[in-house]
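For reference, the structure is listed below as structure tokens.
Numbered from 1 within each chain, the chains take letters A, B, ... in sequence-line order. These numbers were taken from a predicted model, which means no experiment stands behind them.
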Amino acid sequence: MLDLKFVRNNPDVVKDALKKRNANISLEPFLKLDEQWRQKLAEAEKLKNKRNVVSEEIGRLKKAGRLAEDLVLEMREVSAAIKDMDDEIRLLEQKIQLTLLEIPNLPDQSVPVGLDENDNVEVRRWGEPRQFGFEPKPHWDIGEALDIIDFERGSKVTGARFTFYKGAGAALERAVINFMLDTHTREHGYVEVLPPFMVNSNSMIGTGQLPKFAEDMFKIENTDYYLIPTAEVPVTNLYHGEILEAENLPIYHCAYSACFRAEAGAAGRDTRGLIRQHQFNKVELVKFTRPEESYKELEKLTANAEKILQLLGLPYRVVTLSTGDLGFSSAKTYDIEVWLPSYNAYKEISSCSNFVDFQARRANIRFREGKSKPRFVHTLNGSGLAVGRTVAAILENYQTENGTVKIPEPLQPYMGGKTEIN
RNA sequence: GGAGAGAUGGCCGAGUAGGUCGAAGGCGGUCGCCUGCUAAGCGAUUAUACGGGCUAAAACUCGUAUCAAGGGUUCGAAUCCCUUUCUCUCCGCCA
């Protein structure tokens, strides 16, 4: 959420940002509502002041043993008027709030202006895509042939885009999760959190999934709970409504969770394999920082995620998302894309974003430095990494001509010393 | 699921026969004094949000709101009533 006062005082800056994002939102209704609201508020507050002053007077008179019927009668009417005005004001506030909640974040100056993902800018590459001496197979064929991934039974038991991992497949998934968590906690200084996999709507508003993107999520019937689309939601909201100690910043958390996405509007995309599932595993990195440090921390967070791919020996590239491809809450995002032979392309495996104070304002997460007023922290997060896609990348990049898969060295201790899936 | 108790400021904790309570006291924080240094001590100060005024912006100032959340009674609610949420204790159930 943007600062109400900022939008009021800098409508042109906001309009310009919306244009860069190709967001079709007009600010005019908002500005008009804000004007109305402030006027009504001033009127109501004047009346409330009168009521307070006179009520005090009534108390004084009664104590002195005098009656004050005329004043009581007058105040009865004033109170009724106040009630009506408060109703109007509340209605205006709700409208303003809703508008504000649906305005996306302002892109950072350094974000390339563009229409869509085609305008994303490559920042760097690591590793060389392997030259196969044979026709490489896609991971869904490898997984089925080795009997370690079962797509068909996933569909039978639940539905499309749900999958069973089996035997060495399940073990590999678990190994990747543990390897990532251990690396981030031991090497990169993150404190592990194991969050709830459901959150209430307030938390979803805090990180920006609601009110705009309700159709992307699974809601639990007859409750206010949603399945989390990412651990970002519970972990960022960990400090919802809190004032943090400045000396404790930055706070680094990493978290494993299952992630649930309705994938509304993704029909026909990535229909085969592990790439686009309704449920997948992810290790998430979340940071709370001082405003001055957030962009430096974004670089570090991205590097932490890249490190996993380097250790696993998976080629990747990093791109800066253009204004047209930037997520709703983000001010700047780097996508890390891993090389997938089946796609003959780099495919997103991590998204590292700086939300600046956008989420912090929604979730009311602040910090206090000495005696100064509380300020909003900056929040960041990134996948460190998407586990299913990592497993897919391992299967494809480490496949052998005879259909087996070599296990990357760092994962072998997590697989009981096993070096190959066959 | 049943019965009961509770929710007050950064923290702890007073305050309920409604009235000057944004809220005693303590802790913590900040500033000053004192002390060879540290500790201790003394004094002062210390909520947040929003709106208006004044500003380049602050500071400042005026006002409003906030004692879990929402509603009600009343001229007036931290205090009374209702609903919801959460916490704790006991019982039941359960991995």
Side-chain angles (χ1 to χ4, degrees), chain A residues 1-10 12-13 30-101 194-206 220 222-226 234 237-249 251 258 288 291 357 360-377:
Chain A
M1 182 164 65
L2 300 178
D3 182 15
L4 171 65
K5 285 182 207 160
F6 180 85
V7 180
R8 181 187 297 154
N9 297 328
N10 306 278
D12 292 337
V13 175
F30 166 82
L31 295 169
K32 203 172 255 172
L33 284 171
D34 179 55
E35 187 71 39
Q36 279 178 41
W37 170 69
R38 283 189 288 164
Q39 196 197 323
K40 286 275 174 207
L41 189 64
E43 274 179 58
E45 289 191 345
K46 208 172 272 177
L47 272 189
K48 283 179 181 176
N49 178 239
K50 181 174 184 182
R51 180 178 69 183
N52 288 346
V53 170
V54 175
S55 289
E56 224 173 89
E57 178 65 16
I58 292 171
R60 238 192 313 268
L61 288 172
K62 286 216 167 166
K63 206 163 249 179
R66 310 237 302 269
L67 287 175
E69 253 332 285
D70 49 336
L71 288 180
V72 169
L73 284 176
E74 190 191 343
M75 285 308 104
R76 195 171 293 171
E77 278 172 39
V78 168
S79 272
I82 288 173
K83 187 178 262 181
D84 288 345
M85 297 177 91
D86 274 348
D87 287 344
E88 283 183 65
I89 290 167
R90 198 171 311 129
L91 204 70
L92 285 169
E93 273 172 358
Q94 281 170 3
K95 285 185 188 166
I96 290 169
Q97 186 70 3
L98 198 67
T99 312
L100 217 46
L101 284 173
L194 185 58
F197 291 0
M198 295 182 204
V199 298
N200 58 35
S201 55
N202 199 30
S203 295
M204 286 296 191
I205 289 169
I220 311 297
N222 300 321
T223 71
D224 184 42
Y225 299 160
Y226 292 81
N237 281 287
L238 194 55
Y239 302 114
H240 197 118
E242 295 192 28
I243 299 175
L244 306 170
E245 296 285 348
E247 65 217 44
N248 293 337
L249 298 179
I251 295 173
F288 303 83
D357 59 3
R361 185 173 291 107
R362 286 171 164 250
N364 195 23
I365 306 170
R366 295 173 294 173
F367 74 103
R368 191 197 298 276
E369 191 137 56
K371 240 181 105 91
S372 64
K373 278 192 174 185
R375 296 159 67 198
F376 289 114
V377 299

What nucleic acid atoms does [X] come within less than 4.0 Å of, heavy atoms only: base, sugar-phosphate, or nothing?
| X | value |
| --- | --- |
| A:K5 | sugar-phosphate |
| A:I58 | base |
| A:K46 | nothing |

Below the 4.0 Å mark, does [N] have OP1 or OP2 next to a side-chain nitrogen or oxygen of [X]?
| X | N | answer |
| --- | --- | --- |
| A:S79 | B:U74 | no |
| A:R8 | B:G51 | yes |
| A:R76 | B:U73 | no |
| A:N52 | B:A65 | yes |
| A:N49 | B:G63 | no |

| query | For A:L92, which of A:E35, A:Q39, A:Q36 qualifies under side chain to side chain contact (heavy atoms under 4.5 Å, CB included)? | reply | A:Q36
| query | Does the A:N237 side chain pair with the main chain of A:S203, one donor and one acceptor, at a distance under 3.5 Å? | reply | yes
| query | For the side chain of A:R362 and the backbone of A:I205, is there at least one donor-acceptor N/O pair under 3.5 Å apart? | reply | yes
Pairwise [atom1] distance, [M] and [N] [rounded to whole Å]:
| N | M | atom1 | value |
| --- | --- | --- | --- |
| B:G19 | B:G76 | C1' | 7 Å |
| B:U87 | B:U30 | P | 34 Å |
| B:C80 | B:G18 | P | 9 Å |
| B:C33 | B:G6 | C1' | 44 Å |
| B:G72 | B:A78 | P | 15 Å |
| B:C81 | B:U74 | P | 16 Å |

With respect to the side chain of [X], which nucleotide from [options] is positioned closest?
| X | options | result |
| --- | --- | --- |
| A:S55 | B:U48, B:G76, B:G51 | B:G76 |
| A:K373 | B:G63, B:A65, B:A49 | B:A49 |
| A:K83 | B:U48, B:G51, B:G72 | B:G72 |
| A:K63 | B:U20, B:A65, B:G19 | B:U20 |
| A:K62 | B:G51, B:G19, B:G71 | B:G19 |
| A:R368 | B:G76, B:C50, B:U48 | B:U48 |
| A:V72 | B:G51, B:C75, B:A65 | B:C75 |
| A:Y225 | B:U20, B:C86, B:U64 | B:C86 |

| Nearest-0.5 Å distance, CG of residue A:D86 to CG of residue A:L91 | 12.5 Å
| message | Quick check: any donor-acceptor pair below 3.5 Å linking the side-chain of A:E45 to the base of B:G63? | response | yes
| said: If you assign A:V54 and A:E245 each to the RNA chain B nucleotide with the nearest heavy atom, which residue ends up on the more 5' nucleotide? | reply: A:E245
| Between A:W37 and A:M75, which is nearer to the 5' end of RNA chain B once each is assigned its nearest nucleotide? | A:W37
| note | Closest non-hydrogen contact found for A:V7 with A:L31 is O-CD2, 4.2 Å
